[in-house]
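Here's the structure we're looking at; comments come further down.
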Protein chains: 2
Amino acid sequence: MPDLFTKLERAAWGGFIATQSRIFRLIEDDLRARFGLSHTEFEVLLRLYLSEQGRVRVQDLAARSLLSTSGTSRAIDRLARAGHVERQGAEEDGRGAYAVLTEAGRAHFEQAAEAHVALVRREFLSRFTPEELAQLGGFWERARPDAQPRTA
Amino acid sequence: MPDLFTKLERAAWGGFIATQSRIFRLIEDDLRARFGLSHTEFEVLLRLYLSEQGRVRVQDLAARSLLSTSGTSRAIDRLARAGHVERQGAEEDGRGAYAVLTEAGRAHFEQAAEAHVALVRREFLSRFTPEELAQLGGFWERARPDAQPRTA
DNA sequence: TCAAATTGCTTGCATGCGCACGCAAACACA
DNA sequence: TGTGTTTGCGTGCGCATGCAAGCAATTTGA
């Protein structure tokens, strides 16, 4: 491994890793300290917030996140204990369950989201010009699984 | 949050997140399935491999990784059980302990590292031209904590 | 010189996670 | 309608992790 990557590759990949781990740690710590939320819980609240009625089926939450169904179920447990969401049986399917954002949860999330965005701007986005941001966006498009490598 | 980010920001930041989580998942799964290693354990082996004598003090390992001292201690436990490393008391300090790479561990790591590099190339590096890789490297420099935001 | 403070590492405990499993509801289909 | 299968969710279990505490070795300082 010491020489398996070229200098160029090391700068591109190693920097990616370093940046990612640094910023994620900051986000985790900030959300936990100021809002009592894990990144996972924040993601769940985000999905609920973006949804029409502020409610989403457990399964849909799991599918959209990186969490398993059981992990999602437990995240909802924690959020429910904190009063941010409530469980609600699905009328149209007796097996199903909704997680529903409470008013308190909505307010709490809005504050957390604002802080989150500020942190991402401060630690990441603000370092680049608009042109560079667009360029980054283009890079990520090409990093997607279905995209083709340069040398096919 | 729905409109807290601009389109431009969303492309740059959201793509970063998506790329990161996708590739890390691939790496984790591959290392686990083919080499029985977690990313954490791989990191520990890497540090040992890069060291002079194939041995590093527990504390130094912890400082370089994202793991706590206790987490490092347990990672060494697992690697020792698998025969990849051995513990060795420090001659110069009776409290200290080295993790030492065994020959088997070295061979195992070399294979894992090769596979790791291949995966990173296939899923990430190969998507970019050398110029773009250099550009990415430059971006990560500016994303470092000590770097200044564009608009100071 | 020797007791107090510090250091290096390990261990008990609590937490979050995924996997496998269980239960109940829904569906398929004869 | 009845039975076998599938689906949606929650729960038991094992594992990895961080924090706080413990233990032994070293360093400090009067």
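Only heavy atoms go into these numbers, but all of them, side chains included; no hydrogens, no water, no symmetry mates.
- Put simply, the side chain of A/Arg22 gets close to the backbone of B/Ala143: a donor and an acceptor are under 3.5 Å apart.
- Among the protein residues, A/Asp93 comes within range of the sugar-phosphate backbone only, with heavy atoms under 4.0 Å from sugar or phosphate atoms but none that close to a base.
- Pairs of residues two or more places apart, or lying in two chains, that qualify as salt bridge (Lys or Arg N to Asp or Glu O under 4.0 Å) and include a residue from residues 45-59 of chain B are B/Arg55-B/Glu91, B/Arg57-B/Glu92.
- Contact annotation for B/Thr40: backbone-only contact, meaning every heavy-atom pair under 4.0 Å involves sugar-phosphate atoms and none involves a base.
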Would you tabulate the pairs of protein nitrogen or oxygen atoms and nucleotide nitrogen or oxygen atoms of nucleotides 20-23 of chain D closer than 3.5 angstrom?
none

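- With C/dC9, D/dG8, C/dG16 as the candidates, the nucleotide lying closest to the side chain of B/Val58 is C/dC9.
- Between B/Arg81 atom CZ and C/dT10 atom C1' there is a gap of 14 Å when expressed in whole angstrom units.
- With rounding to whole Å, B/Arg57 atom CZ is found 9 Å from C/dC9 atom C1'.
- Distance CD (B/Glu41) to C1' (D/dC15): 11 Å, rounded to an integer number of Å.
- Under a 3.5 Å cut-off, the side chain of A/Arg64 and the backbone N or O of A/Glu43 do not form any donor-acceptor pair.
- Residues A/Val44 and A/Phe42 are members of one and the same hydrophobic cluster, defined by side-chain heavy-atom contacts under 4.5 angstrom among Ile, Leu, Val, Met, Phe, Trp and Tyr.
- Here the C1' atom of nucleotide C/dT15 and the NE2 atom of A/His39 are 18 Å apart, to the nearest Å.
- The interatomic distance linking A/Gln88 (CD) with D/dG8 (C1') rounds to 16 Å, in whole Å.
- As rounded to whole Å, 15 Å separates atom P of D/dA25 from atom CD of B/Glu92.
- The closest donor-acceptor contact from the side chain of B/Glu114 to the backbone of B/Gln111 lies at 3.5 Å or more, if one exists at all.
- Under the side chain to side chain contact (heavy atoms under 4.5 Å, CB included) test applied with B/Leu125, the options B/Arg122, B/Arg121, B/Glu123 reduce to a single match, B/Arg121.
- Look at CG on B/Asp77: it is 13 Å from P on D/dC15, rounded to the nearest Å.
- Positionally, the nearest nucleotide of DNA chain C for B/Gly96 lies more toward the 5' end than for the other of B/Gly96 and A/Arg78.
- Closest-nucleotide positions on DNA chain D for A/Tyr98 and A/Arg25 were compared, and the one nearer the 5' end corresponds to A/Tyr98.
- Here the side chain of B/His84 pairs no donor or acceptor atom with the backbone of B/Leu45 at under 3.5 angstrom.
- To the nearest angstrom, P of D/dA16 lies 11 Å from CG of B/Leu79.
- Toward the 5′ end of DNA chain C lies the nearest nucleotide of A/Arg32, the other residue of the pair A/Arg32 and A/Glu91 mapping further downstream.
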Under 3.5 Å, N/O pairs linking protein and nucleotides 3-7 of chain D:
from, atom 1, to, atom 2, distance (Å)
D/dT7, O4', A/Arg95, NH1, 3.4
D/dT7, O2, A/Arg95, NH1, 2.9

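- Under the 3.5 Å distance criterion, the side-chain polar atoms of A/Trp140 are left unmatched by any main-chain donor or acceptor of B/Ala18.
- At the heavy-atom level, B/Leu61 lies nowhere under 4.0 Å from the strands shown.
- Donor-acceptor pairing under 3.5 Å is recorded for the side chains of B/Tyr49 and B/Glu110.
- Residue-environment remark: CD (A/Glu28) exceeds the threshold of 12 foreign heavy atoms within 6.0 Å.
- If you check every strand for non-hydrogen atoms under 4.0 Å, B/Arg87 touches sugar and phosphate atoms only.
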